[in-house]
Amino acid sequence: MSQSPMSQSPMNDLELLINRYIDGQATIEEMDRLNELLRADVKARQVFAAHLNLDTALAEIAAGLPGEKAAVEDIVSLNRNAIYSNAVAFSATAAALVFAVSLGVWWWSSNGQPHGQVTQAVPSTDHLTVPQESFAAVLIDEAGAVFSQGMGPQGARFEAGDYDLLSGIVHLRFASGAELVLNAPARFTVKDAMHAIVEYGKMRAIVPPSAKGFRISTPSAEYIDLGTEFGLDVNRNDGTSDLFVFDGQVNVADKATSEVFEEVLEGASTRYVAGVAKTAPDFDPRNFTTPNEIGLIRWKENARKLLQSPGLIAFFPFHGTADKSELANQVEAKEDVAMHIPNGRIEGARWTSGRWPGKDSLLFDGDGEFVQIDFPAEYNELTIAAWIKIDRLDYEMNSILNSDHADDGDVHFQITRQGLPRGGLQGAGTNDTFIGDSLPLGNWVHVAMVISVPDRMRWVYANGNLVRQGSLQNGMKITPGSCRLGNWLPVVGHPKFNRAFHGRIDELAIWDRALLGSELKELAQEGRTSLR
Amino acid sequence: MQGVALVLWAKFEQFREDGDFRSWAMGVARYEVLAWLRDRGRDRLVLAGDVAEMIADETANDVVQLEQQRIALQSCLEKLTPKNRSLLLESYGSELKIQEVAATSGRSIAAFYQWLHRMRRLLLDCVQHEVAR
């Protein structure tokens, strides 16, 4: 088997665009994105060339003969057609420019956000390769962020300029290392890596020693940080600026003369209005969002969105309920209640913290722990996706979700001792044509198994990247039946009887269709702990 | 802005002089023609000229490797189930519209395109594997 890097995802954004181009389906915006991607990256051009090479060959085989004769005959028409297309493409480009999102188009999420008033999408970290010197700050994380048109970042980049955050939360890191978590509504100006002006808005600033001297100017005063963490609330109506120092020291100074009014130390607060000190508000650090909280807020939004996902038949968000032994499935039963996947039953696994503070997960620590989940229906296609954090891989096979025993139609989604995830349909044979990288220990990772009986294929993805691919030799219905999450009820006498998973599981979603790599990539990006 | 086909046709003489008549670049141009024939009447969008030029230049050095991949494709096609293989080639043929091919496969158009994308990835993986060994 050839070992391939995880980056060889089967259907990432680039490949989806290439495919849509080849199929003549690409929209003008998609062509712009494709051109950008190809222009920027030689590897992308190699992928494109490989695709076009394949398509040329397939078209040739399908045509039954090389097409030179037809080609020559039609070259005049082709020229005419191409010129016409170019005219269309040109006016489209002009239209796209009017919408003012010309740079960084390819950072926008794959779900094709309109370019009007733009929800800040999730730039995937492997695209953050623009030169560092070209911008003052970069987007680290966000939840529901919407900027007003023309006053948002370029992809993940905050260059010097004015910004207007209409709703949501953003987490910025300045080139100096200073970090700001801003809550909407907020209007601010990025001056440079060491200076921001805030007209109004609420923010938490975290300033490491490298950014000592980082300044925030408000209508009322100037705040000079001496290596610390603080909250700043600038009133939209009158510019009243409330400072809360959580750690270290912040100097409040006159905007014009830089004369220091006051040195504010940990646990203290101040209020300034137009350069004049007023009665300080009560000290309350809870009002300011922390970087960790953004992830949870984002997750709650995405969980709502996920529930609308076509073909979703079960979604276990892993929020502890009053009944600690119940794992709730949030998907409501359709017409046929008997075919609905019921709530899971927790046996031994313990509730603990999940991907973010305030998010729960289940800890599987011993050998006899599992969650009982029943699949009453049979399926042609199935996608099982979960967030897991592996502590140890103690056995030859370590179960994520396994049907009891090993009967035809059962599913086995597990991890080998080497950390390679596997997904199988019992009775359909194992014929792996691609095995990628192993899963990391001690980090949250999104794992997904996809089975398509009509396509006779199965795939396993880690963080949205394909890590295993294989074919099914036999067509049959997928009948998972009685399953264990994090364990396996073995066949009596089976040599690999113990397959207990040791680690945490935080989310489980199941669809009765085969999700695409691009969809899984999006899920992995949306649920990641942060962009870092 | 120019399409891949125009760029490559412009370079056609160069390839022929090198005696590399059945080169990949030639194939690409041919493909563009075939695709155009298939999609006659549809306004296909084309790559930006500078991008097409970059690809044409870079792949001019990879002609041998790309040709190997085309040869390997034959054995990879044989690994598909007969049903998938004929469906795939039907979708490339000029006889039937893609909607008709999708309908015969029992899929929606969108699902059929998704299937097509997967088959291409499958074949590319296979081809790369074949060429590597």
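These figures come from a predicted structure and were not determined experimentally. Every heavy atom of this structure was used, including side-chain atoms; hydrogens, water molecules and symmetry mates were not. So that the names make sense, note that chain A is the first sequence line, chain B the second, and so on, each numbered from 1.
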Who among A:Met457, A:Glu30, A:Arg20, A:Arg45 has the most heavy-atom pairs with chain B under 4.5 Å?
A:Arg45
Exercise: do A:Trp511 and A:Ser309 side chains pair donor with acceptor under 3.5 Å:
yes
Check: A:His51/A:Glu15 side-chain N/O donor and acceptor closer than 3.5 Å:
yes
Checking B:Leu122 against chain A: side chain, backbone, both or neither under 4.5 Å from a heavy atom?
both
For A:Val450, does its backbone N or O pair with a side-chain atom of A:Thr383 as donor and acceptor, under 3.5 Å?
no
So does A:Trp459 get a backbone contact from the side chain of A:Arg468, meaning a donor-acceptor N/O pair under 3.5 Å?
no
For chain B, which candidate among A:Leu34, A:Ile18, A:Asp455 shows the most heavy-atom pairs at distances under 4.5 Å?
A:Asp455
